[in-house]
K.L.:
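Below is the structure I would like to discuss, written out as structure tokens.
Every chain is numbered from 1 and lettered A, B, ... according to where its sequence line falls, protein lines coming before strand lines. When reading the values below, keep in mind they use all heavy atoms of this one structure, side chains included, and skip hydrogens, waters and symmetry mates.
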Number of protein chains: 2
Amino acid sequence: MVATSQQNARETDGVEPAAQTLHVGELEICPGEGLALAAGQALMLSVREFDLLVALARQPGAIVAREALYDAVWGAPMRQGDRSVDVYISKLRSKLEQAMPDRRFIHTHAGFGYRFQPQPSRDVDNGPLRGR
Amino acid sequence: MVATSQQNARETDGVEPAAQTLHVGELEICPGEGLALAAGQALMLSVREFDLLVALARQPGAIVAREALYDAVWGAPMRQGDRSVDVYISKLRSKLEQAMPDRRFIHTHAGFGYRFQPQPSRDVDNGPLRGR
DNA sequence: CGCGCTGTGAAGAAGGCGTGAACGTGGCTG
DNA sequence: CAGCCACGTTCACGCCTTCTTCACAGCGCG
């Protein structure tokens, strides 16, 4: 599992070093190795899951559109109606939560995309629309 | 669907594209991303709420008529009697206040429209502007 | 006091999203 | 070579968010 990602060219990546170790919260990700550590514990991720995690973790706090994620992970433009990203977001969430039950990393912005951020201190997530 | 961008063909300079990050008070808005930060914290806004916020924040201090807001967000002329703008103003206020309790951003100018400005807690400066 | 304007909760409809499951494929093992 | 298994993709169902509209309440002014 998790052999590698498809584009490992860490040399000519322009602005940012692509294959550098990423630290987001208590997550540690080595894009070049396909290794992700959650609080020191290795996550068992498939290639798609890992690439998706990397694509998200590269821009912590930013909202990334499905199309952008698909393009980053699948390397092709997303066909309309394709739910692959959603499915893998779900799988990723599941494994992240399993490893770190009290943290939330992936936040949904309906109509926009997903945002990767470790545990917003005050979670404003849809407050006033919940209990009615 | 997710496009959400309104027609802002207002590039005064080649250097300043429309989708640049907006800063108004402690608010930070990225029109292209659907991301709005209140004091560094990400707001959970729907597409309509976000577009409305952008439409307002583009002209800080100016009174923007309902018709103009509707046109900017909905992309169509507002039908008479439509209260959609009011409803979403209310929702926006609610979320902004939840994130920044001590600030007021959206000010009502009865008979004219809404004004977006960080802190003038007193609207005394506009008292007798009623007749038409 | 009546009227126009605004704030806001609620209800119903529509659409987006979460997720289990089925299906197909390729690699590994015996 | 046959069987097993992990992975990726697609489908389908149901919940939840979002959008729209309605209704009622509060407020300032003539």
K.L.:
Measure the acute angle between the ring planes of B:Tyr88 and B:Trp74, then classify it against the limits of 30° and 60° as parallel, tilted or perpendicular.
P.N.:
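Taking B:Trp74 first and then B:Tyr88, their aromatic rings stand perpendicular (interplane angle over 60°).
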K.L.:
Can you figure out which of D:dC7, D:dC19, D:dT10 approaches the side chain of B:Ser46 most closely?
P.N.:
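Given the options D:dC7, D:dC19, D:dT10, the side chain of B:Ser46 is closest to D:dC19.
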K.L.:
Going through the distances and angles, do A:Leu52 and A:Tyr114 end up as a side chain to side chain contact (heavy atoms under 4.5 Å, CB included)?
P.N.:
CA-CA 11 Å; A:Leu52 183 58; A:Tyr114 296 100; over 6 Å; no
K.L.:
For A:Arg83, answer base if it contacts any base atom (sugar-phosphate contacts may also be present), sugar-phosphate if it contacts only those atoms, and nothing otherwise; contact means non-hydrogen atoms under 4.0 Å.
P.N.:
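It contacts base atoms.
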K.L.:
Angle between the end axes of the helix from C:dC1-D:dG30 to C:dG30-D:dC1, five pairs per end, to the nearest 10 degrees?
P.N.:
20°
K.L.:
Send over the distance from B:Lys95 NZ to C:dT8 P, rounded to a whole Å.
P.N.:
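To the nearest whole Å, that distance equals 15 Å.
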K.L.:
Among C:dT19, C:dC17, D:dG8, which nucleotide sits nearest the side chain of A:Val87?
P.N.:
C:dT19
K.L.:
Over how many whole Å does the gap from B:Phe112 atom CZ to C:dG4 atom C1' extend?
P.N.:
14 Å
K.L.:
Can you find a side chain N or O atom of A:Thr108 that sits less than 4.0 Å from OP1 or OP2 on C:dG16?
P.N.:
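No, outside the criterion.
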K.L.:
Whole angstrom is fine here: how far is it from NE2 in A:His107 over to C1' in D:dC16?
P.N.:
18 Å
K.L.:
As a test of reading the structure: which of C:dT6, D:dG8, D:dT21 is closest to the side chain of B:Asp82, going by heavy atoms?
P.N.:
D:dT21
K.L.:
In whole angstrom, give the distance that lies between atom NE2 of B:His109 and atom C1' of D:dC29.
P.N.:
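For the pair B:His109 NE2 and D:dC29 C1', the rounded distance is 18 Å.
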K.L.:
Within less than 4.0 Å of OP1 or OP2 of D:dT20, is there a side-chain N or O belonging to B:Trp74?
P.N.:
yes
K.L.:
Would you please confirm or rule out a distance under 4.0 Å between OP1 or OP2 of C:dG16 and any side-chain N or O of A:Arg66?
P.N.:
no
K.L.:
Compare the minimum distances between each of D:dT21, C:dG20, C:dG7 and the side chain of B:Tyr114, then state the nucleotide with the smallest one.
P.N.:
C:dG7
K.L.:
Does C:dG9 have OP1 or OP2 sitting under 4.0 Å from an N or O in the side chain of B:Ser90?
P.N.:
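No.
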K.L.:
Of all the choices, C:dT8, C:dG18, D:dT18, which nucleotide is nearest to the side chain of B:Asp86 once you look at every atom?
P.N.:
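Of the options given, the side chain of B:Asp86 lies nearest C:dT8.
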K.L.:
Between A:Arg79 and A:Asp82 (salt bridge meaning N to carboxylate O under 4.0 Å), is one present in this structure?
P.N.:
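Salt bridge: yes.
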K.L.:
Using only atom types and a distance under 3.5 Å, with no angle test, would you say the side chain of B:Lys95 pairs donor to acceptor with the backbone of B:Met44?
P.N.:
yes
K.L.:
Would you mind telling me which of C:dG7, D:dT9, D:dT18 lies closest to the side-chain atoms of B:Arg93?
P.N.:
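Nearest listed nucleotide: C:dG7.
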K.L.:
Mind calculating the distance between CD (A:Glu49) and P (D:dC7) to the nearest angstrom?
P.N.:
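The answer, rounded to whole Å, is 7 Å.
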K.L.:
Quick one: CG on A:Leu96 to CZ on A:Arg103, what's the gap to the nearest 0.5 Å?
P.N.:
12.0 Å
